[in-house]
Amino acid sequence: MSAMILDGKALAAELRAEVAVSSKELAERGVTPGLAVVLIGDDPASKIYVRHKERAAQQCGISALDYRRPADVSQEELLTLVLELNADSSVHGILVQLPLPDALDATPILDAIDPAKDVDGFHPDNIGRLAQGRPRFVAATPKGCMSLLAKANVEIAGKNAVVVGRSNIVGKPMAMLLTNANATVTLCHSRTTDLAAEVKRADIVVAAVGKVDAVRAEWLKPGAVVIDVGMNRNADGKLCGDVQYEKSLAIASAITPVPGGVGPMTIASLMQNVVTAASKALAQQEPG
Ligand code: NDP
């Protein structure tokens with residue numbers, strides 16, 4: 001058996017094309033979707049992520065509004081910027097690129113974003129809504145993982161799903177999405193005592209750890225569907241995921257590659273959220 005490759009690059013291109021159509025329709029009704037991109041400091045990886053997001057926005061007919069501030073910006077200045085963006089009607093989505101420099105506390109900044117503009121889906125209001133099964137904005141990476149599963153017609157209801165990693169931006173929302181889709185979900189983390197045994201029971205495995213070989217191929221149940229969120233460098237400096245990819249091809253029924261799997265889906269899902277935010281804002285303006 002050789003696993004089906006879940007091609008995130010191709011699906012992301014499809015989704016971006018759909019988003020571009022929606023943006024055009026919105027523009028015809030007088031609204032250009034606007035994404036405010038807040039980048040603090042000079043972190044090279046953050047700069048690359050922001051560039052990719054801005055390029056995707058351009059392809060989708062979304063206007064990316066750049067707000068760059070030096071690493072020594074104060075907490076108050078950043079908070080003020082967020083409040084100004086909340087009040088700016090040309091801004092439909094606000095993205096604060098993480099991580100912030102050490103001197104800044106990300107939590108109050110993210111909490112200050114208007115939940116209706118929280119296209120990253122990190123605001124407690126949006127996470128709470130997701131937990132209750134009535135999502136508004138879902139964090140882009142887990143949303144992209146769900147789109148990959150849907151595109152491959154993977155049955156989720158009644159299946160055992162194991163999510164490895166419990167961060168607020170990937171693992172936890174992913175576990176909630178799978179729960180909402182009626183999987184039986186196990187959420188693993190660094191204190192899980194027998195990760196191999198947990199993974200062995202999984203029909204669907206989502207790895208979001210950030211460590212090379214965190215999930216070993218021999219742990220997989222034959223026929224498992226594997227979504228690899230991890231982005232790591234191996235000993236040769238090559239980009240790779242958390243799961244042993246080559247060896248898993250013979251065991252899994254479907255798997256995402258790294259690169260070309262979840263990464264492009266994250267950006268496309270963010271664009272979907274921006275257009276949704278703009279549509280909702282327009283619906284509120286238009287008479288009943
Ligand atoms: P975090 O570092 O915030 O979380 C990592 C999680 O992995 C934690 O919950 C941690 O457990 C758990 N963990 C660490 N070691 C082990 C272990 N040995 N066994 C089981 N669990 C373990 O990372 P993120 O969620 O932000 O990101 C995870 C990975 O996904 C990274 O490689 C990141 O680069 C990538 N990523 C990729 C994106 C994409 O678009 N492709 C987007 C976002 C992230 P504990 O909670 O106990 O510490």
Side-chain angles (χ1 to χ4, degrees), residues 6-9 11-13 15-16 43-56 95-100 106-107 110 119-122 127 130 137-149 161-178 185-202 205-220 226-234 237-245 255-273:
L6 302 175
D7 186 346
K9 206 172 158 190
L11 179 55
L15 297 184
R16 284 197 308 272
D43 179 61
S46 292
K47 279 180 162 172
I48 293 171
Y49 290 139
V50 160
R51 200 164 62 228
H52 287 164
K53 289 170 188 174
E54 290 180 341
R55 192 185 304 150
L95 180 163
V96 177
Q97 183 64 42
L98 300 176
L100 292 178
T107 306
L110 299 179
V119 288
D120 261 336
F122 297 162
I127 294 177
L130 175 61
F137 293 116
V138 173
T141 300
K143 181 180 167 90
C145 294
M146 293 302 283
S147 299
L148 279 165
L149 291 171
V162 166
V163 178
V164 192
R166 58 174 165 182
S167 70
N168 288 335
I169 63 171
V170 188
K172 277 185 200 157
M174 188 70 219
M176 290 184 215
L177 284 165
L178 289 164
V185 180
T186 306
L187 182 54
C188 300
H189 44 77
S190 67
R191 308 285 286 274
T192 298
T193 48
D194 191 348
L195 186 59
E198 304 297 346
V199 171
K200 269 200 168 86
R201 288 189 294 113
V205 180
V206 181
V209 177
K211 286 184 184 156
V212 178
D213 292 352
V215 174
R216 305 190 64 82
E218 67 264 24
W219 298 351
L220 296 174
V226 179
I227 304 287
D228 194 347
V229 180
M231 284 205 297
N232 313 296
R233 297 265 166 203
N234 67 13
K238 255 184 76 184
L239 198 61
C240 67
D242 291 340
V243 183
Q244 292 183 315
Y245 181 75
I255 188 166
T256 55
V258 179
V262 175
M265 290 300 296
T266 294
I267 297 184
S269 306
L270 174 69
M271 299 303 134
Q272 287 180 314
N273 281 348

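Computed from a prediction, not measured in an experiment: that's the story for all the values here. Throughout, numbering of the chain's residues begins at 1 and tracks the sequence. Every number for a ligand or one of its atoms is a count from 1 in the order of the listing.
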Checklist entry - Passes side chain to side chain contact (heavy atoms under 4.5 Å, CB included), Leu15 versus Gln272? Steps please. => result CA-CA 8 Å; Leu15 297 184; Gln272 287 180 314; 3.8 Å; yes

Item to check | side chain to side chain contact (heavy atoms under 4.5 Å, CB included) between Met174 and Ile227, intermediate numbers included | outcome: CA-CA 11 Å; Met174 188 70 219; Ile227 304 287; 6.0 Å; no

Item to check | Test log, rule side chain to side chain contact (heavy atoms under 4.5 Å, CB included), inputs Leu130 and Leu177 | outcome: CA-CA 7 Å; Leu130 175 61; Leu177 284 165; 3.7 Å; yes

Next on the checklist: Applying side chain to side chain contact (heavy atoms under 4.5 Å, CB included) to Thr141 and Ile169, what does each step give before you reach the verdict?
Outcome noted: CA-CA 8 Å; Thr141 300; Ile169 63 171; over 6 Å; no

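Atoms of ligand 1 lying under 4.0 Å from at least one heavy atom of Asn232, given by number and element, are 32 (O). Set against the non-hydrogen atoms of Val164, the atoms of ligand 1 under 4.0 Å away are 20 (C), 21 (N). Annotation for ligand 1: atoms under 4.0 Å from non-hydrogen atoms of Ala208 are 5 (C), 6 (C), 7 (O), 28 (C).
For atom 40 (O) of ligand 1, the nearest non-hydrogen atom of the protein is Thr266 OG1, 2.7 Å. For atom 36 (N) of ligand 1, the closest heavy atom belonging to the protein is Val229 O, 3.7 Å. Considering only non-hydrogen protein atoms, atom 26 (O) of ligand 1 sits nearest to Ile169 CD1, 3.7 Å. When hydrogens are left out, the protein atom nearest atom 31 (C) of ligand 1 is Gly210 CA, 3.5 Å; that is the closest non-hydrogen contact. Scanning all protein heavy atoms for the shortest distance to atom 33 (C) of ligand 1 gives Met231 N, 4.3 Å. Closest to atom 3 (O) of ligand 1, if we only count protein heavy atoms, is Ser167 CB, 3.4 Å.
Residue-level proximity to ligand 1 for Asp242 is absent, since no heavy atom of it falls below 4.0 angstrom. Counting heavy atoms under 4.0 Å from ligand 1, residue Lys211 touches it through the side chain alone. For Thr192, no heavy-atom contact with ligand 1 is shorter than 4.0 Å. Of the heavy atoms in Val170, only side-chain atoms (C-beta onward) come closer than 4.0 Å to ligand 1.
The shortest distance between side-chain heavy atoms of Leu110 and Val96 falls below 4.5 Å. Between Lys143 and Asn273, the closest side-chain pair of non-hydrogen atoms falls below 4.5 Å. The shortest distance between side-chain heavy atoms of Val215 and Val226 does not fall below 4.5 Å. Side-chain contact between Val205 and Val243: absent, with no pair of heavy atoms (C-beta onward) separated by less than 4.5 Å. Side-chain atoms of Val119 and Leu270, non-hydrogen and from C-beta on, do get closer than 4.5 Å to each other. Contact of the Val258 side chain with the Tyr245 side chain is not registered, since no non-hydrogen atoms from C-beta on lie closer than 4.5 Å. Residues Asp228 and Val262 are not in side-chain contact: their nearest non-hydrogen atoms beyond the backbone lie 4.5 Å or more apart.
Within 4.0 Å of atom 24 (P) of ligand 1, at least one protein heavy atom is present.
Partner of Leu187 under the side-chain contact (heavy atoms from CB on, under 4.5 Å) criterion, chosen from Glu198, Arg166, Met176: Arg166.
Between the choices Arg166, His189, His52, the shortest heavy-atom distance to atom 8 (C) of ligand 1 belongs to Arg166. Considering only non-hydrogen atoms, atom 11 (O) of ligand 1 lies nearest to Ser190 out of Ser190, Cys240, Gly241. Comparing Val209, Leu98, Leu187 against atom 2 (O) of ligand 1, the shortest heavy-atom distance belongs to Val209.
Residue contacts with ligand 1 include Thr141, since one of its heavy atoms falls under 4.0 Å from the ligand. Residue Gly263 places a heavy atom less than 4.0 Å from ligand 1. Contact annotation: Cys188 has no heavy atom less than 4.0 Å from any atom of ligand 1. Heavy atoms of Ala214 stay at 4.0 angstrom or farther from ligand 1.
The shortest N or O to N or O distance between Arg191 and ligand 1 is not below 3.5 Å.
With rounding to the nearest 0.5 Å, the separation of CE in Met146 from CG in Leu148 is 10.5 Å.
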